[in-house]
Student: 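Structure below; questions to follow.
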Amino acid sequence: MKNAIGYVRVSTNKQLENTSIESQKEEIKNYCNDKNLNLVAIYDEGAKSAKNINRKEVISALTHLLDKNKDIDYLVVHKADRLSRNHYDLVNIDQLIRSSGKSL
């Protein structure tokens, strides 16, 4: 069985009511169950803007995923814009993940 980690966030405290952290976590858990992935951890950023990737939990999640001493194969997010709203950042993150033999 392959291992995965998840990442969740909302943009503002106001969004906590519309796109809840809990619903994102549930979607990630369901996806992992459906794909037969062992969900090791979910990194919870809380209410933070995704204008750039200078966020504690996204950096921790990527570090965990890319650590060669860890057996993590996938980073799972509810939607790509949870990682970043900047397309350039998203492309760079995806390229970094793929070049390491991992999947988003």
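Heavy-atom basis, side chains included; hydrogens, waters and symmetry copies ignored. Computed from a prediction, not measured in an experiment: that's the story for all the values here.
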Student: To the nearest 0.5 Å, what is the distance between NE2 on H64 and CG on D67?
Tutor: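 So the NE2 of H64 and the CG of D67 are separated by 7.0 Å.
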Student: Please report the interatomic distance CD1(I21) to NE2(H78), rounded to the nearest 0.5 Å.
Tutor: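 Answer for the CD1-NE2 pair, I21 versus H78, is 10.5 Å.
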Student: Could you state the interatomic distance from CZ (R82) to CZ (R9), rounded to the nearest 0.5 Å?
Tutor: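 Spacing of CZ (R82) from CZ (R9) equals 4.0 Å.
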Student: I'd like to know if D71 and K2 make a salt bridge, using a cut-off of under 4.0 Å between side-chain N and carboxylate O.
Tutor: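 Salt bridge between D71 and K2, a charged N being under 4.0 Å from a carboxylate O: no.
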Student: Under the side-chain contact (heavy atoms from CB on, under 4.5 Å) criterion, do Q95 and N92 qualify, and how do the steps go?
Tutor: CA-CA 5 Å; Q95 186 175 23; N92 284 333; 4.1 Å; yes
Student: State the CG-CG distance between N86 and D81, to the nearest 0.5 angstrom.
Tutor: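 Answer rounded to 0.5 Å: 12.0 Å.
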Student: Kindly compute the distance separating CG (D94) from NE2 (H87), expressed to the nearest 0.5 Å.
Tutor: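 Result: 13.0 Å between the selected atoms.
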Student: Give the minimum heavy-atom separation between K25 and D44, together with the two atoms involved.
Tutor: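 Closest heavy-atom pair between K25 and D44: NZ-OD2, 3.2 Å.
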Student: Is there a side-chain contact between E27 and V76 in this structure, where contact means two heavy atoms from C-beta onward sitting under 4.5 Å apart?
Tutor: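 Contact flag for E27/V76 side chains = no.
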Student: Do you see a donor-acceptor pair shorter than 3.5 Å between the side chains of N38 and N3?
Tutor: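 The criterion, which ignores hydrogens and geometry beyond distance, is satisfied for N3 and N38.
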Student: Return all side-chain donor-acceptor pairs below 3.5 angstrom for residues 30-37, not counting sequence neighbours, or 'none' if the list is empty.
Tutor:
unit_1	atom_1	unit_2	atom_2	d
N30	ND2	E26	O	3.3
N33	ND2	K29	O	3.4

Student: Roughly how far apart are D73 CG and M1 CE, rounded to 0.5 Å?
Tutor: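 Nearest 0.5 Å value for the CG-CE distance: 11.5 Å.
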Student: Can a donor-acceptor pair be found, under 3.5 Å and without considering hydrogens, that links the side chain of S100 to the backbone of K102?
Tutor: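 Pair absent, no side-chain N/O of S100 close to backbone of K102.
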Student: Hydrophobic cluster mates of L62, side-chain heavy atoms under 4.5 angstrom, ILVMFWY only, any path?
Tutor: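 I5, Y7, V40, Y43, I53, V58, I59, L65, L66, I72, L75, V77, L83, L90, I93, L96, I97, L104, all in the cluster of L62.
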